[in-house]
Amino acid sequence: MATLKFLSFLILQLFLIANNCESVEVGFYKKTCPNVEAIVKETTKHYISIAPTLAAPLLRMHFHDCFVRGCDGSVLLNSTKGNKAEKDAIPNQSLRGFQVIDAAKSALEKECPGIVSCSDILALAARDAVSLINGPTWSVPLGRRDGRVSILSEASKNLPTPFDNFTTLKTTFGALGLNVKDLVVLSGGHTIGMSHCFSFSSRLYNFTGKGDMDPNMDQNYINHLEIKCKPGDVTTIVEMDPGSFKSFDTDYYSMVSKRRGLFASDAALLTDTQTKHYVLSQLNPHGSTFFKDFGESMVKMGQIGILTGRAGEIRKHCAFRN
């Protein structure tokens with residue numbers, strides 16, 4: 001299965017290389033739409049100031065976009081009568097913040113119609129959302145074009161899950177050109193946001209199918225989560241980084257080091273020598289490299305499978321093909 005996924009990725013990359021002769025670059029719109037970054041930031045700031053919890057979904061939306069068909073805005077497309085889109089896949093049904101992207105697109109269409117892609121807007125909004133809640137900022141290379149295809153089954157098949165072990169995570173990230181350091185760094189995005197109980201309840205009640213708990217999770221933390229999440233609970237949400245879920249910081253790595261990572265995929269970071277070393281190295285806030293590393297890995301992730309040149313299109317409305 002892993003080999004087939006990797007071969008599929010290589011075929012996709014060869015196709016993209018053949019059709020794209022240009023690359024993304026910082027300042028891509030400096031002549032055609034010089035205010036693009038200011039407009040996206042102002043729009044994002046407006047929404048985040050009203051609802052700071054939107055920052056995590058916007059970051060997650062960019063992540064989910066890039067992991068399926070590359071960073072082409074396919075996660076933004078609505079389903080049609082003849083096609084169920086990525087947006088309706090189970091992992092994406094909890095995504096929020098589409099109104100932020102739509103508002104930024106609307107403002108940009110007034111400023112410079114038909115110029116800025118939805119996939120670029122999403123990459124910028126994810127960056128701005130993080131920086132607006134005390135996180136790092138980074139220069140975003142731009143020039144992506146929007147894809148015309150969005151398929152529900154591809155999202156269900158290709159997105160990492162909270163249940164993945166380290167081997168599965170390494171394979172999934174590796175197939176997209178991301179290495180083990182990118183894996184542990186991007187996992188740090190779990191420092192913000194909320195999660196439904198069903199994403200981790202098996203660790204509390206039925207880890208191996210025998211009604212047992214996950215021995216890799218701190219017992220006191222299990223007791224705390226059991227108060228909030230009863231067996232079969234599909235509606236309750238909990239903080240992914242308790243006490244700090246609205247602020248982008250290094251607390252996530254502290255939680256993981258104490259065996260209090262919420263997901264099995266978080267706990268998996270302690271099962272590999274390289275990722276465990278990274279987790280522990282971020283515990284000293286004065287010696288942490290996380291902010292710098294996160295920006296670098298986001299830029300790298302943001303260039304997965306991009307469409308440039310004459311490929312794809314510049315959508316007029318982000319939820320619909322032209």
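Here the closest non-hydrogen pair linking Cys318 and Arg315 is O-NH1, 2.9 Å. Heavy atoms only, all atoms of each residue included: Arg69 and Ser74 are closest at CB-OG, 4.2 Å. Minimum heavy-atom separation, Ala129 to Ile48: CB-CD1, 4.3 Å. Shortest non-hydrogen contact noted between Leu169 and Pro160 is CD2-CB, 4.3 Å. Taking every heavy atom of both residues into account, Ala155 and Asn92 meet most closely at CB-ND2, 3.8 Å.
Ring planes of Phe63 and Phe67: parallel class, angle under 30° (limits at 30 and 60°). Aromatic ring orientation, Phe290 versus Phe248: parallel (interplanar angle below 30°, classes split at 30° and 60°).
Residue Phe263 is not grouped with residue Phe166 when hydrophobic side chains (ILVMFWY) are merged at heavy-atom distances under 4.5 angstrom, including chains of intermediate members.
A salt bridge is absent between Asp72 and Arg145; no separation between the charged side-chain nitrogens and carboxylate oxygens falls under 4.0 Å. The pair Arg127-Glu37 counts as a salt bridge, with a side-chain nitrogen and a carboxylate oxygen less than 4.0 angstrom apart. Salt bridge Asp182/Lys300: present, at least one basic N to carboxylate O contact under 4.0 Å. A salt bridge is absent between Lys41 and Asp128: the closest approach of a Lys/Arg side-chain nitrogen to an acidic carboxylate oxygen does not fall below 4.0 angstrom.
Phe98 carries Lys87 over the face of its six-membered ring, with the cationic atom under 6.0 Å from the centre and within 45° of the normal.
Side-chain N or O atoms of Asn216 include none that pairs as donor or acceptor with a backbone N or O of Arg259 at under 3.5 Å.
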